[in-house]
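Working notes, beginning with the structure itself.
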Amino acid sequence: YDSASLLLLEGENLYIKAVKDHPQPEAALEIRFSLYEDPLAWEMFSSKKFIIIKDAQKDSRYLGRGNADYVRGWMWVPLIARGDVLGILTLDSRTPDAYSEEDAKLAQAFANQAALAVSNARLFQSEHQQRILAEVLRETSLILSSSLKADKILEFVLRELNKIVPYDSACIFILEKDQVKIVAHRGYDKFGVQDLLRDFSLPLKETPNLRKMADTRQPYFISDVLSEADWVKKEVSQHIGSWCGAPLVAQDQLLGFLSLDKTDRDYYTFEHADRLQALASHAALALLNSMAYGEMEKASITDYLTGAYNRRYFIQEISIELDHAKRSGHPLSILLLDLDHFKKVNDVYGHLCGDKVLQLVVERLKTELRSIDSLARYGGEEFVVILPGTSAYWMNPLAEKLRLSISAKPFVVELNQNDLIEIALTVSIGGATVPDNGQEPLILIDCADRALMQAKTQGRNRVVIYE
């Protein structure tokens with residue numbers, strides 16, 4: 001941008017509170033105008049969506065406001081916190097058509113963080129509270145924005161919470177369809193119930209306190225749980241006297257809940273709930289970014305067609321597993337699999353049918369593998385399996401199971417509606433192991449590939465272990 005300004009809503013008027021690179025900054029900071037008398041401002045506050053003007057000097061909505069004639073490309077982005085529009089971020093450019101929707105989305109992410117900061121500042125008026133909370137939220141925002149790992153975000157949130165809202169135990173629930181699941185907790189070991197939290201989940205509809213926050217998207221507290229008729233008593237909650245929670249909401253998406261416990265009755269108040277929500281808003285944004293990053297990371301290592309891992313993941317994982325095998329002294333094996341004469345499937349039935357068969361092949365192979373094993377598509381109709389802790393002695397029968405899973409019965413594919421065909425396949429498999437065949441990735445892969453070629457030259461539909 002060439003200039004920018006930040007406007008905040010106070011009552012019915014918008015005030016310019018900050019400017020950057022404005023040609024007349026002092027005059028700009030004295031500007032105020034009515035929300036209801038400015039069509040552009042009213043449009044934004046009503047829709048809660050950004051506005052882009054390609055050429056301000058040719059747009060009657062902008063010209064009618066009597067603004068500077070140097071502005072060409074122009075963009076307004078709403079400052080939204082907890083569902084309310086607090087103000088506007090304005091970006092000006094001397095170049096027409098300077099801003100795209102992608103620019104607006106980036107600016108919106110920044111504006112949301114700024115809006116949270118403004119909203120949080122307004123929540124706490126006393127100087128002492130403002131100083132403590134601002135410092136914690138500043139540090140929290142910096143750390144959360146620098147991490148894209150969900151486990152690190154959850155751990156940090158629970159650790160920092162005590163500085164803002166004291167607790168004896170606390171946990172974070174993530175919403176999965178109609179269930180809430182505890183994904184992080186702290187303090188329950190003092191009450192001997194930490195083991196009960198492993199894989200702990202509840203239907204949301206059976207937890208009135210969480211369901212209330214899901215409906216209202218607002219924090220909630222129960223000063224004295226013993227006098228609350230709707231409080232759900234569980235073995236893990238016997239120590240709780242007072243409870244406070246806040247929803248984790250980002251971009252109108254409910255992700256989960258923060259849940260805090262005190263053994264003292266009549267402890268939590270509205271003030272605690274507001275403070276908790278201040279941190280929850282930051283945490284939710286960070287968690288949403290982490291989830292998006294996780295999806296992108298998963299996509300980057302997954303074969304889009306079959307759902308197996310891709311070659312990139314295999315190269316990374318085999319190096320990690322080899323390092324672990326060297327340190328621990330445990331064996332490690334890999335298998336290379338090549339579907340025999342698969343080209344005929346594509347030639348006869350077409351590539352769409354061939355793609356479906358590959359998906360079915362992966363489904364069958366996965367049913368024969370352990371949770372610690374990794375199946376990846378190596379290329380075309382070739383697959384590779386990493387078998388941690390598996391020696392050559394155990395690799396051979398496992399490879400035979402995989403071979404038989406492919407050849408034992410044909411694959412049924414629907415070509416057209418109600419037109420089913422059966423396709424029989426076999427597979428050739430080559431195996432290599434650590435430490436027998438080497439301890440470097442390329443050497444191990446080469447040994448498995450040599451064994452695979454031997455299986456093919458011997459007539460296919462067989463397993464050969466490199467010796």
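These numbers come from the heavy atoms of this one structure, side chains and all, not from hydrogens, waters or symmetry mates.
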Nearest atoms (heavy-atom pairs only) where [X] meets [Y]:
X    : Y    : value
P247 : A280 : O-CB, 3.8 Å
D252 : R217 : O-NH1, 3.5 Å
S333 : A392 : OG-N, 4.3 Å

Expected output: side-chain [X] to main-chain [Y] donor-acceptor under 3.5 Å:
X    : Y    : answer
R364 : S405 : yes
S47  : E43  : yes
K190 : D168 : yes
R370 : P388 : yes
S281 : Q277 : yes
R211 : K205 : yes
S242 : Y268 : yes

Rounded distance (nearest 0.5 Å) linking atom [atom1] of [X] with atom [atom2] of [Y]:
X    : Y    : atom1 : atom2 : answer
I320 : I315 : CD1   : CD1   : 12.0 Å
S3   : K20  : OG    : NZ    : 11.0 Å
N162 : Y167 : CG    : OH    : 4.5 Å
D373 : E368 : CG    : CD    : 11.5 Å
I172 : L260 : CD1   : CG    : 9.5 Å
D224 : D264 : CG    : CG    : 11.0 Å

Mind checking whether [X] and [Y] have side chains closer than 4.5 Å, heavy atoms only?
X    : Y    : result
L365 : L337 : yes
W74  : L40  : yes
V71  : D2   : no
H282 : Q113 : yes
L9   : V85  : no
I53  : W76  : no
D178 : L204 : no
L175 : L210 : no

Hey, can you tell me if [X] and [Y] have their rings parallel, tilted or perpendicular (30° and 60° cut-offs)?
X    : Y    : result
F314 : Y378 : perpendicular
F191 : H239 : parallel
Y309 : Y313 : parallel

Quiz prompt | side chain to side chain contact (heavy atoms under 4.5 Å, CB included) assessment of L358 paired with R377 | solution = CA-CA 10 Å; L358 288 176; R377 189 180 181 193; 3.5 Å; yes
Quiz item: Between Q108 and N112, is a side chain to side chain donor-acceptor pair (under 3.5 Å) present by the stated rule, with each step listed?
Solution: CA-CA 6 Å; Q108 186 67 71; N112 287 345; 3.0 Å; yes
Quiz item: Going by an N to O cut-off under 4.0 Å, is there a salt bridge joining R275 and E271?
Solution: yes
Exercise. For the pair K326 and E440, find out whether any cationic side-chain nitrogen is under 4.0 Å from an anionic carboxylate oxygen.
Key: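 A salt bridge is present here (some side-chain N lies under 4.0 Å from a carboxylate O).
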Quiz item: Of the options I301, D303, T302, which is the one that meets R312 in a side-chain contact (heavy atoms from CB on, under 4.5 Å)?
Solution: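 So, applying the side-chain contact (heavy atoms from CB on, under 4.5 Å) to R312 and each of I301, D303, T302, only I301 qualifies.
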Practice problem: Identify which one of T433, T390, I386, L387 satisfies the side-chain contact (heavy atoms from CB on, under 4.5 Å) criterion when paired with L332. | Solution: I386
Exercise. Please step through side chain to side chain contact (heavy atoms under 4.5 Å, CB included) for the pair F50 and V77, ending with a clear verdict.
Key: CA-CA 4 Å; F50 56 79; V77 180; 4.3 Å; yes
Exercise. Answer yes or no: does atom CG of L352 have more than 12 heavy-atom neighbours from other residues, nucleotides or ligands under 6.0 Å?
Key: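 Atom CG in L352 is not packed in, count stays at 12 or less.
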Quiz prompt | Any side-chain donor near an acceptor of the partner, D21 and Y1, under 3.5 Å | solution =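 Result is no, nothing qualifies.
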